[in-house]
Amino acid sequence: MGVAVEEVLKLSVLEKAKVQTEMYHRQVDWISVIETPVENFVRNNEFVLSTGVGCGEDVLALEEYVRDVIRSEASVLAFATGRHLYKIPDRVLKLAEKHELIVMEIPWEVRFGDILQDVLRLINEESRQEQQRTEEIRQELINCVLNGKGLQEITSIIYQNTGIPTAISDHNKQIRANQYFDRYFIDVLNGHELSQEGILVETEMDSEHPLRHYIETYEIGDQKCYQLTILSNYKKQGYILFKPKEEKELTWVNLHILEHALTACALYFVKENAIEMTEIRLKDNFLLDLAKREREMDRALLSKAQLLGYDLEKPYICLVGHIRFVQPEEERTSLTMPQVKSSSINSRNYYIQKEVTHAGDALHRRTMTTFDEGEVIVYLETDRPDYGETANQFLDLIERRLHELLKGITISWGISCHKGGYQVFHKSYEEAETALKIGQQHEEGERTFFSDTRMNRLLMALSHEEEIGAIVSDTLEKLIDYDQKRQTELIHTFMVYNKYNSNVSQTARALNLHRQSLLHRLRNIEHLTGLSLLNADDLFLLELSVRLWLLKKVDA
């Protein structure tokens, strides 16, 4: 932030000044009066005024003074001649020219106070104009986002006002906008260009702009690229990449513009995320309402669905999955293990949604997905004859990928019937939910088709009869109490025994029990229920009672 030396020399207070060296293109950021010793009192790009006191008759002392000013990287050194210094020695002028320091003479009668006042006024006016310009650019960038324009427009504004090639990427390093930024350097930074590598180095800039502390510098061969991270609510949203031809292009003004662009990009991503979250909520609410309420498929509902990207005039079945997640033991006990992405419900649902969409695309089937209290509800477009095979292929694709991405996840599925599949969303959901509840009597991760639950549904209907409930309670009361108090698995043992048609050897192998231990359990069951497992009627009564009791638990 400053003015060119040429502009300073146009001031009336300096009209009698004589430039004694070459006129180099330098900038003046400040002006001060400094006599020997200089030490660290002079800043970069400073206009230095001096009377030469103490050096006028000592050429070596004057030369050393000039060397100190050169080391401070000042732009101009002006001597008031006529009292302590009458003529600047040639050797001093050659030294100044060698280091591109502009040296001038000012008549003794020109007051330093007048020079200071006019030069500072010029610098302040230039600063005010630059601030006004950057403020206008800031407003233009913000309006760009507020008026619905995108990241490409932001890069265009940056380039128009700075001339620096710029690109913007999201947090996944996908390029979202590019204004003359060489794609080769993007590929190198993203690791796609194997022939070269971007090396992160310490950023070194002459500018004192606060933004420089947040700039990352990458060396790619003999060239440099710069990167700024776009943050919002302490979350990384993306990156601004820029590549000036020379570092001196990163002036205070240009860094100011990049800083405003950073704010505009953060606002854009916040707006984009808000729109995306609103769309997700609208879709979730629509599908939940479609599943849980009987709706008339009128024109208004079909139009709303179309706006959300759904086609309700296709045949669908419903799949309801109960999500269970168990973090692996080694991750629970490790203190150094980073947080897994699946620890967040939102992240978990994101991956499930992504895999549902991927599986649907792979099978060329439309899908509609939502989540409700630990369950995922999916509508899958299917044809009537082979809907079961399609559903299994669909779930195979989902679960294969999910088990790779989210360790410890298990999903039990309930799957509705097809029956034409047209505009039966509520009924399909109820069928899938019923199938899921029945399937949860068995192991986690089961797939239960509603069409395979006729016996269970018949038993569920019977379980609501008071007299049947009393018989079940009387038959199993002691057995249930024994299991609860002693933490045994007698009911489970009986179900496995019945599954293997009363074959003791097969049951023992399935339960991983010694044969004598199994026989001891079976005797306990007979003792607690008063029924014989060798009697067909008793066996039927016990099986029926256990099934009704389990269904009653699921129904509750």
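What you see is a predicted model; the values in this text were computed from it and never measured. The figures that follow rest on heavy atoms only: side chains count, while hydrogens, waters and symmetry mates do not.
In the model, Asp29 has a side-chain atom that pairs as donor or acceptor with a side-chain atom of Gln27 under 3.5 Å. If you check the side chains of Glu125 and Gln129, you find a donor sitting under 3.5 Å from an acceptor. Between Ser50 and Glu35, the side chains place a donor N or O and an acceptor N or O closer than 3.5 Å (distance only, hydrogens not considered). Using a 3.5 Å distance cut-off with no hydrogens or angles, the side chains of Asn349 and Gln353 do not pair a donor with an acceptor. Checking Thr217 against Glu202 by side-chain atom types alone, no donor-acceptor pair falls below 3.5 Å. Judged purely by distance below 3.5 Å, without hydrogens or angles, the side chains of Thr370 and Asp284 pair a donor atom with an acceptor atom. No side-chain donor from either of Glu130 and Thr134 sits under 3.5 Å from a side-chain acceptor of the other. Under 3.5 Å, the side chains of Asn273 and Gln237 contain a donor-acceptor pair of N or O atoms.
Below 30°, between 30° and 60°, or above 60°: for His209 and His256 the angle between ring planes is above 60°, a perpendicular geometry.
For Trp30, the CH2 atom sits in a loose shell: 12 or fewer heavy atoms of surrounding residues, nucleotides or ligands are nearer than 6.0 Å. Around atom NE2 of His171, no more than 12 heavy atoms belonging to other residues, nucleotides or ligands sit under 6.0 Å away. Atom CZ of Arg121 sits in a crowded spot, with more than 12 heavy atoms from other residues, nucleotides or ligands closer than 6.0 Å. Counted within 6.0 Å of CZ on Arg183, heavy atoms from surrounding residues, nucleotides or ligands total more than 12; the atom is thus considered enclosed.
Salt-bridge check for Lys98 with Glu22: failed, with every basic side-chain N at 4.0 Å or more from each acidic carboxylate O. We find that Glu64 and Arg71 are joined by a salt bridge, their nearest charged nitrogen and carboxylate oxygen being less than 4.0 Å apart. Ion pairing of Glu63 with Arg91 is present here, as a side-chain N (NZ or NE/NH1/NH2) and a carboxylate O approach within less than 4.0 Å. We find that Glu249 and Lys245 are not joined by a salt bridge, their nearest charged nitrogen and carboxylate oxygen being 4.0 Å or further apart. In this structure, Arg365 does not pair ionically with Glu381, as no charged nitrogen and carboxylate oxygen lie closer than 4.0 Å. Ion pairing between a basic and an acidic side chain is recognised when a charged N comes within 4.0 Å of a carboxylate O; Lys10 and Glu7 show such pairing.
Taking the centre and axis of the six-membered ring of Tyr226, the NZ or CZ atom of Lys243 falls outside the cone set by 45° and 6.0 Å.
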I'd like to know whether Arg447 forms a salt bridge (charged side-chain N to carboxylate O under 4.0 Å, His left out) with Asp396, so could you lay out the CA-CA distance, the side-chain angles of the two residues, the decisive distance to 0.1 Å, and finally the verdict. CA-CA 11 Å; Arg447 298 176 189 173; Asp396 286 344; 2.8 Å; yes
Full working for side-chain contact (heavy atoms from CB on, under 4.5 Å) between Tyr379 and Leu312: CA-CA 10 Å; Tyr379 285 100; Leu312 302 187; over 6 Å; no
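With contacts defined as side-chain heavy-atom distances shorter than 4.5 Å, the pair Phe242/Leu228 qualifies. Side-chain contact check for Arg176 versus Thr155: every heavy-atom pair is 4.5 Å or farther apart.
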